[in-house]
Number of protein chains: 2
Amino acid sequence: MDAWTEVLQDTGMDPRLDRDTSNCSIARTLEIVGEKWTILILREVWYGSSRFGDFERVLGCPRNLLATRLRMLVEEGILATETYKEPGSRSRPKYVITAKGMDLVPAVMGLLEWGDRYRADPEGPAVLARHRECGAHVDVQIRCERGHAVQAEEIESVPGPAFRMRPAG
Amino acid sequence: MDAWTEVLQDTGMDPRLDRDTSNCSIARTLEIVGEKWTILILREVWYGSSRFGDFERVLGCPRNLLATRLRMLVEEGILATETYKEPGSRSRPKYVITAKGMDLVPAVMGLLEWGDRYRADPEGPAVLARHRECGAHVDVQIRCERGHAVQAEEIESVPGPAFRMRPAG
DNA sequence: CGGCTGAGTATCTATAAGTAAACCCAAACT
DNA sequence: AGTTTGGGTTTACTTATAGATACTCAGCCG
């Protein structure tokens, strides 16, 4: 019997199917970054864009959606606004990434690597990620606390402290 | 001068803003897993669900969307269909994950960890991931080829073999 | 034969996104 | 004073996606 099944073996419910999924961290992250354009905006921030016009030009995304997404990312603390001033122009806002935004890098690198592996052009990827200090290629890996590299098949998901069942009915 | 800038220093174009983003691996991955419900379906497959009714019950997602998503995931080779047979019932299809699907685990674990850090309930996460063999907690890390752990700030993105500029106009 | 079940389809409505264009604002420049 | 510029907002219209509900279909069972 696995860790899910032993949670509720006496009720008629199935913890896999009747658990409450509303506090799932994957779903909650997707509520923020799961809308169209959001991750692509962050990609451009990582690649060096910071201004409204930069995003519009490189993404080709509608201005109203871009404004909505940028406002949301700032409200969520993933981006922050600063000002910049070109000589001869007034101060204007720009968008910079926060530590909270940088913490999304592993997730997005996971998407990047999957696309590199399964959907790249014949020549290879359009962009390569490397370690600035040593120039070596970087990738995402799953590791356990003891430092072992872990294959996805070796991962076991178990109920955590906030695990709960769906209200019956 | 960085690797982006030296790509096209003589033209009037800016490689950051005028590059062709249509072969971006992040965007291409999102074309497949970026629609609502897709990643949540995969989550349930990892947690042990395999049948149409399982997904519907635990996700509460509309049946027509579920059917569309499952068909697409099978077409893309992320899931595969097998059959199961309950005693006294006819054979019915079930959905199992492929190696290509397992390769999405690092990306989704990245989303999970971000949600655990920034959007979890006060008690903690609803689900914990651990190494089946040793029971230790697992997480995603970025590493370079030489085995160094790499912080997101230490990553440099440079043009790859399929880098190209947008057709002018 | 008629009802039950799991796995879908079909249809309709509601919401979100895409497209295009006009408009606003403040500072700097002419 | 009038124009230009970057960074938006607003409006109007079209299309795509999401959601809710009803219906179908194939086999098993009595």
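Letters A, B, ... are given to chains in the order of the sequence lines, protein chains preceding strands, and every chain is numbered from 1.
The distance between atom CZ of B:Arg57 and atom C1' of C:dT5, rounded to the nearest whole Å, is 14 Å. When rounded to the nearest whole Å, the span between CZ of A:Arg69 and C1' of C:dG18 equals 12 Å. Distance A:Leu66 CG to C:dA17 C1': 14 Å, rounded to the nearest Å. Atom pair B:Leu59:CG and D:dA20:P shows a separation of 13 Å (rounding to whole Å applied). If you measure from atom NZ of A:Lys85 to atom C1' of C:dA26, you get 12 Å, rounded to the nearest angstrom. When rounded to the nearest whole Å, the span between NZ of B:Lys36 and P of D:dA20 equals 11 Å. The distance from atom CD of B:Glu86 to atom P of D:dC29 is 13 Å, rounded to the nearest whole Å. D:dT10 atom C1' lies 14 Å from atom CG of A:Leu65, rounded to whole Å.
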Sequence-aligned protein contact record of nucleotides 1-6 of chain D, with B where the base is within under 4.0 Å of a protein heavy atom and S where only the sugar-phosphate is: ----BB

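Residue B:Tyr95 has a polar side-chain atom (N or O) positioned under 4.0 Å from OP1 or OP2 of C:dG8. For C:dG18, one of the phosphate oxygens OP1 or OP2 lies less than 4.0 angstrom from a side-chain nitrogen or oxygen of A:Trp37.
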Verdict with supporting geometry, B:Arg146 and A:His131, side-chain contact (heavy atoms from CB on, under 4.5 Å): CA-CA 10 Å; B:Arg146 308 207 172 135; A:His131 194 184; over 6 Å; no

Salt bridge (charged side-chain N to carboxylate O under 4.0 Å, His left out) assessment of B:Arg164 paired with A:Asp121: CA-CA 11 Å; B:Arg164 55 173 184 255; A:Asp121 286 351; 3.2 Å; yes

Criterion salt bridge (charged side-chain N to carboxylate O under 4.0 Å, His left out) on B:Glu154 and A:Arg132, from CA distance to verdict: CA-CA 6 Å; B:Glu154 300 165 15; A:Arg132 196 188 314 278; over 6 Å; no

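The aromatic rings of B:Trp4 and B:Phe163 lie perpendicular to each other, with more than 60° between the two planes, well past the 30° mark.
Proximity note for B:Arg63 (side chain, C-beta onward) versus C:dT19, D:dA18, C:dA7: the nearest is C:dA7. If you check C:dG18, D:dG19, D:dT9 against the side chain of A:Arg71, the one that comes closest is D:dT9. Comparing C:dA17, D:dT9, C:dA7 against the side chain of A:Ala67 picks out D:dT9 as the nearest.
Looking at heavy-atom distances under 4.0 Å, B:Phe55 makes no contact with the nucleic acid at all. Across all strands shown, A:Glu35 has heavy atoms under 4.0 Å from sugar-phosphate atoms exclusively, and none from any base.
For a distance-only test at 3.5 Å, the side chain of A:Asn64 fails to qualify as a donor-acceptor partner of the base of D:dT10.
Put simply, B:Leu128 and B:Met109 are part of two different groups of oily side chains (I, L, V, M, F, W, Y) that touch within less than 4.5 Å, one to the next.
Inter-residue side-chain proximity for B:Leu79 and B:Thr98 is flagged as unmet; no heavy-atom pair is nearer than 4.5 Å.
Between A:Glu44 and B:Arg19, at least one side-chain N (NZ, or NE/NH1/NH2) sits under 4.0 Å from a carboxylate O, which counts as a salt bridge.
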